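Keep in mind the model is a prediction, meaning the values are calculated, not measured. Atoms considered below: every heavy atom in the structure, side chains included; atoms not considered: hydrogens, waters and symmetry mates. A, B, ... follow the sequence lines: proteins, then strands. Residue 1 opens every chain.
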Amino acid sequence: MSEVTASTPSPAAPKKMDDIVALCRRRGFIFQSSEIYGGINGFWDYGPLGTSLKRNLKNAWWNDVVERELIGPDGNSVDIVGVDCTIIMNPKTWVASGHVGGFADLMSTCRQCKKLMRWDHVWDMLSESDWWKSIEELYSTPSAVTSEALMKWAQGKGRKLAPGLALVRNPQVTLSWLAERLAAQGNQYMDTREFVRHLATEQFARDGLQTPCPHCGGELTEPRQFNLMFETNCGAVKDENSLAYLRPETAQGIFTNFWNVCDSTRVKVPFGIAQIGKAFRNEVTPRNFTFRSREFEQMEIEFFIRPDTANEWYKWWRDWRFSWWQKIGLAGANLILREHDRDELAHYAKEGAGTSDIEYRFPFTAPGFGELEGIAHRADFDLKAHATHCGKGDKMRYFDQEKNDRYFPHVIEPSAGADRGTLALLCEAYTPDPTRASGVYMNFTPRMAPVKAGVFPLVNKDGLPEIAERLYRDLRRKHSIEFDEKQSIGKRYARMDEAGTPYCITIDHDGASSGTATIRHRDTQAQDRVALDQIPAWIDERVG
RNA sequence: GCGGGUGUAGCUCAGUGGUAGAGUGUCACCUUGCCAAGGUGAAUGUCGAGGGUUCGAAUCCCUUCACCCGCUCCA
């Protein structure tokens, strides 16, 4: 245990994820789902404070995106409407979107070193691996590669770099078999890839040519499917025809309703459709508290534009979304905007204006960052795919009256995680402070704070509770307020610190006689004295 | 999915085969009155779950679940 000698707390006291998780549980922000039965991996419940925090986040998003005026890059008001789509959709949706097939990654495990990897990444990883490079060097002049040279490599470099490789584990067998193969093929040159596959194969007759593990050279298992979509059956009969999926993203509900929205409202490109809703992914490894859950909530906008305006809109959305997260409380250096490199772009975004992530430095990712929101130019991939799969094709192009032009609009998609956002707010707000009784306080912005103010009588007598309760009932008509008359005032302040309540209003004896109360500021613990009849306006002004 | 670790009261932990405990928190009352003060009292556990060994299991064995760390995955 380290001694605390300094009288002033370190302003950058480290945040430990375990402590944040403990506070979430202790104060009722987040619980494990179905905990009394031992919980279930990758699922989390929100308690009273957490529900309120997450709702504040979602409401802020919906208000700022759909309801309030937003001025776009062209100086005009940005037009966005909302939808609320089902979680289970016609399964053809997921064929069109590429999730059936594409979402079920083929994975392979190494029999030697037990590492798991995506099958389609193996060759890329191989070409990066040290042992591959070492062989490549050796094989750069194929004529010089003799059994002796290979044996030497197997007993030297190979033993270190690729202990799992057949050539290293069992050089005699592998080499004699290789010689046979070469002879059978008339000693023709084979490319490096094929050559290495031979070196990785011990029993060709039984197993065929092997693909080696990029890490140790060992034998990889047959690729197995890891389907990331949750399956269910729709209707009473459980068979192939009733198979349905829980949506892995909310976006497709927006795309499939694009034509409905165009026909039923008077929106014109550019415009957006927004949705908040649950999505489900059967993640291989749910980890890091709520960061990677199997059931999670997304806040998505699909913003439809003329293709030639993609760059302008992409940049505008990216920058506006970044400033939005800053505004609701992630203002510090823990929030970054990261533009993707070309080679990490999704299949639909290769040729687009770009993709970027808004990332937050969580305690468990530090010094790295974890994704909060992705802003992607998805081009016309989705609308076109649905038009094709539903059989109407080009007939479903959008008609632009103004330009007298038919086209599939391009899409800029700002897609944010509500649970990740809530978690970032929790992590950012968590402020250790050894000088105060609670040892910690949560400095949510007033807009995000689950409780806006606490109202307390200093003592539970002398008419103070009555005054406090009147004020409490008055404030509660508009805001989320707590009233507490039990125990010492310090204890009540401490509890509010942990809940992240920005203001505590206390009725004391002086105040009772002069018609005032003290208002304590959570972050500084300083107090103002304010007249009782002005407190509602004082709170309105600060809480919004 | 693999390897390692952990699991006892809301929380932090003690308890290594023989009656489940402490501190803290929670609640009530008294007292006090501006930052978890003090006093008195109360509630709270299928010892993660299931099975086995034993006269007897929190403790030993097996299985399983959850969490943490590492690998891996993450449209």
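Taking the nucleotide of RNA chain B with the nearest heavy atom to each of A/G490 and A/H509, the more 5' of the two is matched to A/H509. Remark on RNA chain B: of its neighbouring residues A/N288 and A/G439, the 5'-side contact belongs to A/G439, judged by nearest-heavy-atom nucleotide.
Pairing partner, B/G7: B/C65, with both Watson-Crick or wobble hydrogen-bond distances short of 3.5 Å. As the counterpart of B/G18, B/C55 is assigned, both hydrogen-bonding distances of the Watson-Crick or G-U wobble pattern falling under 3.5 Å. Taking a pair to require two hydrogen-bonding distances under 3.5 Å in either a Watson-Crick or a G-U wobble arrangement, B/C71 pairs with B/G1. The partner of B/A42 is B/U26, by the rule that a Watson-Crick or G-U pair needs both atom distances under 3.5 Å. Across the strands present, B/G33 finds no partner; the criterion is a Watson-Crick or G-U wobble pair with both atom distances under 3.5 angstrom.
Rounded to an integer number of Å, the gap from CZ of A/R292 to C1' of B/C67 is 16 Å. Atom CE of A/M496 is separated from atom C1' of B/C34 by 16 Å (rounded to the nearest Å). What separates CZ of A/R436 from P of B/A36 is a distance of 11 Å, to the nearest Å. For the pair A/Q527 CD and B/C34 P, the computed distance is 10 Å after rounding to whole Å. Regarding A/F456, its CZ atom lies at a distance of 11 Å from the C1' atom of B/C34, rounded to whole Å. Distance, A/D508 CG to B/C34 P: 9 Å, rounded to whole Å. At whole-Å resolution of the value, CG in A/D433 and C1' in B/A36 are 14 Å apart. If you measure from atom CG of A/D523 to atom P of B/C35, you get 19 Å, rounded to the nearest angstrom.
The salt bridge (Lys or Arg N to Asp or Glu O under 4.0 Å) test applied to A/D474 returns A/R477, not counting sequence neighbours. Applying the side chain to side chain contact (heavy atoms under 4.5 Å, CB included) rule to A/L337 yields the partners A/R318, A/D319, A/F322, A/S356, A/I358; only residues at least two apart in sequence or on another chain are considered. Remark: A/W325 engages no residue in a ring-ring contact (aromatic ring centres under 6.0 Å, His included) (not counting sequence neighbours). Scored by the ring-ring contact (aromatic ring centres under 6.0 Å, His included) test, A/Y441 finds no partners at all (sequence neighbours excluded). When the ring-ring contact (aromatic ring centres under 6.0 Å, His included) test is applied to A/F369, no partner is found at least two apart in sequence or on another chain. A/E373 meets the salt bridge (Lys or Arg N to Asp or Glu O under 4.0 Å) test with A/R321; sequence neighbours excluded.
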Pairs: protein N or O with nucleotides 24-26 of chain B N or O, under 3.5 Å:
{"unit_1": "B/U26", "atom_1": "OP1", "unit_2": "A/R495", "atom_2": "NH1", "d": "2.8"}
{"unit_1": "B/U26", "atom_1": "OP2", "unit_2": "A/K491", "atom_2": "NZ", "d": "3.3"}

Distances under 3.5 Å only, N/O to N/O: pair up the protein atoms with those of nucleotides 63-66 of chain B.
{"unit_1": "B/A66", "atom_1": "O4'", "unit_2": "A/G38", "atom_2": "O", "d": "3.0"}
{"unit_1": "B/A66", "atom_1": "O3'", "unit_2": "A/Q32", "atom_2": "NE2", "d": "3.1"}
{"unit_1": "B/A66", "atom_1": "O2'", "unit_2": "A/Q32", "atom_2": "NE2", "d": "2.8"}

Detail all sub-3.5 Å separations between protein N/O atoms and N/O atoms belonging to nucleotides 29-32 of chain B.
none

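Residue-to-nucleotide contacts include no donor-acceptor pair under 3.5 Å from the side chain of A/R520 to the base of B/C34.
A/R542 places no side-chain N or O within 3.5 Å of a backbone atom of A/Y503 that could act as its donor or acceptor partner. Here the side chain of A/T86 pairs no donor or acceptor atom with the backbone of A/M89 at under 3.5 angstrom. Panel note: side chain A/T365, backbone A/R361; no donor-acceptor pair is recorded below 3.5 Å.
A/F31 comes within contact range of no nucleotide atom at all, as no heavy-atom separation falls under 4.0 Å. Using a 4.0 Å heavy-atom cutoff across all strands shown, A/Q252 reaches no nucleic acid atom at all.
With 3.5 Å as the limit, one finds a donor-acceptor pair spanning the side chains of A/T250 and A/Q298.
Atom CZ of A/R294 and atom CG of A/L246 lie 13.0 Å apart (nearest 0.5 Å).
With C1' as the reference atom, B/A49 and B/A57 are 16 Å apart, rounded to whole Å. Taking the P atom of each, B/G25 and B/G38 are spaced 8 Å apart, rounded to whole Å. For the C1' atom pair drawn from B/G45 and B/U40, the interatomic distance equals 25 Å after rounding to whole Å.
Using a 4.0 Å cut-off between charged side-chain N and carboxylate O, A/R378 and A/E249 make a salt bridge.
Here the options are A/D497, A/T501, A/D528, the test is side chain to side chain donor-acceptor pair (under 3.5 Å), and the partner is A/R520; only A/D497 passes. Tested against A/F303, the residues A/W320, A/W316, A/W313, A/Y314 include a single ring pair (Phe, Tyr, Trp, His ring centres under 6.0 Å) partner, A/W313.
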Checklist outcome for this item: Protein heavy-atom contacts under 4.0 Å, written 5' to 3' over nucleotides 7-13 of chain B as B (base), S (sugar-phosphate only) or - (none), form the string ---SS--
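Distances from the side chain of A/T518 to the nucleotides B/A36, B/C34, B/A75 place B/C34 closest. The side chain of A/R492 approaches B/G33 more closely than any other nucleotide in the set B/G33, B/A36, B/A75.
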Show me the donor-acceptor pairs within less than 3.5 Å that the side chains of residues 482-491 of chain A make with the rest of the protein, sequence neighbours left out.
{"unit_1": "A/D484", "atom_1": "OD1", "unit_2": "A/K486", "atom_2": "N", "d": "3.0"}
{"unit_1": "A/Q487", "atom_1": "OE1", "unit_2": "A/R495", "atom_2": "NH2", "d": "2.9"}
{"unit_1": "A/S488", "atom_1": "OG", "unit_2": "A/K491", "atom_2": "N", "d": "3.3"}

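Pairs engaging residues 41-51 of chain A under the side-chain hydrogen bond (donor to acceptor under 3.5 Å, both in side chains) rule: A/Y46-A/D419 [sequence neighbours left out].
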